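Step one of this worksheet: look at the structure below.
Sequential numbering from 1 along the given sequence is applied to the chain's residues. The model shown is predicted, which means the values in this text are computed figures rather than measured ones.
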Amino acid sequence: MIYVKKSLKTILIALALFIACGMVLPITALASSGSGNTIPSTRQVERLVDDADLLDSEEEAELLDMLDSYSEEVQMDICILTVSERDTYSIEAFADDYYDYNGIGYGSDRSGILLVLSMDDRSYALSTCGAAIEAFTDSTQEDMMEPVLEELSYNDYYYAFKKFATSSRSIALSYNNSFIGDSNLRKSDLIMYLVILVAALIIPLVPLSANIMSLNNIAFQKGADKYKQGKLALSTNQDIYLSHHVKRVAIPKESRSGGGGSSTHISSSGTVHGGSHGHF
């Protein structure tokens with residue numbers, strides 16, 4: 001009897017431990033999964049990662065120095081990733097997730113552009129974020145990738161990446177300079193605008209004042225006997241054409257998706273990205 005009770009007690013303890021482990025393990029797994037999907041606050045990878053081994057060591061070192069220098073200069077991350085193959089990801093989603101979960105991006109808005117090559121199907125993707133979405137519009141991406149894709153078609157990866165880096169730097173600098181030019185007005189320009197504004201307010205007052213002075217001979221009449229008596233006769237009857245107004249409505253023309261701006265989408269992390277993709 002004592003043996004049966006001890007066996008029953010052992011079974012109950014084992015059952016309780018089994019249930020407890022069953023509850024703890026899913027919670028632990030959930031926590032691990034959540035931490036893996038957290039966007040890091042700082043970049044976790046180099047700006048050039050050549051996992052597909054398309055470059056030799058000298059080319060890789062030179063390109064990495066170039067990307068680091070250009071990124072700091074324009075304050076946007078300019079990054080390149082090559083992979084031999086990827087999972088079932090689309091190339092666009094793969095690029096966005098690599099960008100997000102490796103902490104790529106410069107500054108608080110995580111500005112930057114990433115070029116990804118996947119050699120299994122010879123596909124590429126651009127992923128932009130932050131200010132780079134506005135800097136690298138759809139048409140800009142198409143123009144900058146044309147010479148890059150030409151080099152990729154010849155398997156000349158070093159020069160393709162070099163052209164991508166220099167084009168990205170040039171586009172980002174132009175974008176940054178457009179804001180500097182708008183915000184840094186010279187003092188002489190401000191004075192000139194102020195003088196024009198004051199003159200525009202004063203000059204119309206001169207003829208207006210003269211007209212007001214000419215009306216001083218007008219006096220109030222108590223009666224109507226001073227006004228002209230009899231019927232009013234018009235000596236001239238003429239229609240005068242003053243003006244016309246025509247409203248025109250433009251007929252929309254077919255245009256490429258995105259137009260002159262940037263097409264955007266939401267990545268798996270909930271981040272807004274721009275970009276494009278294709279094959280080479």
Q: Fit a plane to each ring of Phe161 and Tyr157, take the angle between them on a 0 to 90° scale, and name the class: parallel (under 30°), tilted (30 to 60°) or perpendicular (over 60°).
A: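 Because their plane-to-plane angle lies in the 30° to 60° range, the rings of Phe161 and Tyr157 count as tilted.
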Q.
In terms of relative ring orientation, are His273 and His265 parallel, tilted or perpendicular, with 30° and 60° separating the classes?
A.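 The rings of His273 and His265 lie parallel, inter-plane angle below 30°.
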Q | Sole candidate of Leu149, Val148, Thr82 that passes side-chain contact (heavy atoms from CB on, under 4.5 Å) when paired with Tyr124 | A |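 When Leu149, Val148, Thr82 are each tested with Tyr124, the side-chain contact (heavy atoms from CB on, under 4.5 Å) holds only for Leu149.
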Q.
For the OH atom on Tyr159, are there more than 12 heavy atoms of other groups (residues, nucleotides or ligands in this structure) within a distance under 6.0 Å?
A.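 Check fails, neighbour count at 12 or below.
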Q. Is the number of heavy atoms from other residues, nucleotides or ligands within 6.0 Å of CD (Glu58) greater than 12?
A.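 Counting other residues, nucleotides and ligands, CD of Glu58 stays at 12 neighbours or fewer.
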(Q) For Thr128 versus Gln141, what's the shortest heavy-atom pair and its separation? (A)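 Result for this residue pair: CG2-NE2, 4.5 Å.
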Q) How far apart are the closest heavy atoms of Asp77 and Gly105, and which atoms are they? A)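 Shortest heavy-atom separation between Asp77 and Gly105 comes out as OD2-N, 2.9 Å.
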Q: Could you check if a side-chain atom of Ser267 sits within less than 4.5 angstrom of a side-chain atom of Tyr99, using non-hydrogen atoms only?
A: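 No. Closest side-chain heavy atoms not under 4.5 Å.
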Q) Are any of the side-chain heavy atoms of Leu81 and Asp50 separated by less than 4.5 Å? A)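 With C-beta onward as the side chain, the pair stays apart.
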Q: Indicate yes or no: does Lys162 engage Glu59 in a salt bridge with an N to O separation below 4.0 Å.
A: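 Looking at Glu59 together with Lys162, the answer is no, because their closest N to O distance does not fall below 4.0 Å.
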Q: Mind jotting down which residue pairs meet the salt bridge (charged side-chain N to carboxylate O under 4.0 Å, His left out) criterion with at least one end in residues 98-113? Sequence neighbours excluded, please.
A: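 Residue pairs passing salt bridge (charged side-chain N to carboxylate O under 4.0 Å, His left out), neighbours aside: Asp100-Arg110.
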Q. Once you round to the nearest 0.5 Å, how far does CG of Leu152 lie from CG of Leu54?
A.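 So the gap between those two atoms works out to 9.0 Å.
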Q) Are Ile78 and Leu48 connected in a single hydrophobic cluster, I mean Ile/Leu/Val/Met/Phe/Trp/Tyr linked by side-chain heavy atoms less than 4.5 Å apart? A)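 Yes, same cluster.
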(Q) List the residues meeting side chain to side chain contact (heavy atoms under 4.5 Å, CB included) with Ile171, not counting sequence neighbours, and say none if there are none. (A)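 Per chain and number, Ile171 pairs via side chain to side chain contact (heavy atoms under 4.5 Å, CB included) with Phe136, Thr140, Met144.
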**Q.** salt bridge (Lys or Arg N to Asp or Glu O under 4.0 Å) evaluation trace for Glu146 with Lys163
**A.** CA-CA 10 Å; Glu146 184 175 348; Lys163 288 184 177 181; over 6 Å; no
**Q.** Members besides Ile266 in its Ile/Leu/Val/Met/Phe/Trp/Tyr cluster (side-chain heavy atoms under 4.5 Å)
**A.**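 Ile133, Val272, listed by chain and number.
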Q: Tell me yes or no: between the side chains of Ser268 and Asp97, is some donor less than 3.5 Å from an acceptor?
A: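 Their side chains do contain a donor-acceptor pair, which is all the 3.5 Å distance test asks for.
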Q. Given the rule in the side-chain hydrogen bond (donor to acceptor under 3.5 Å, both in side chains) test, do Gln44 and Tyr101 qualify, once you have shown the distances and angles that lead to the verdict?
A. CA-CA 9 Å; Gln44 305 295 302; Tyr101 298 123; over 6 Å; no
Q) Has Arg169 got its NZ or CZ under 6.0 Å from the middle of the six-membered ring of Tyr70, at an angle within 45 degrees of the ring axis? A)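 Ring-cation test returns yes.
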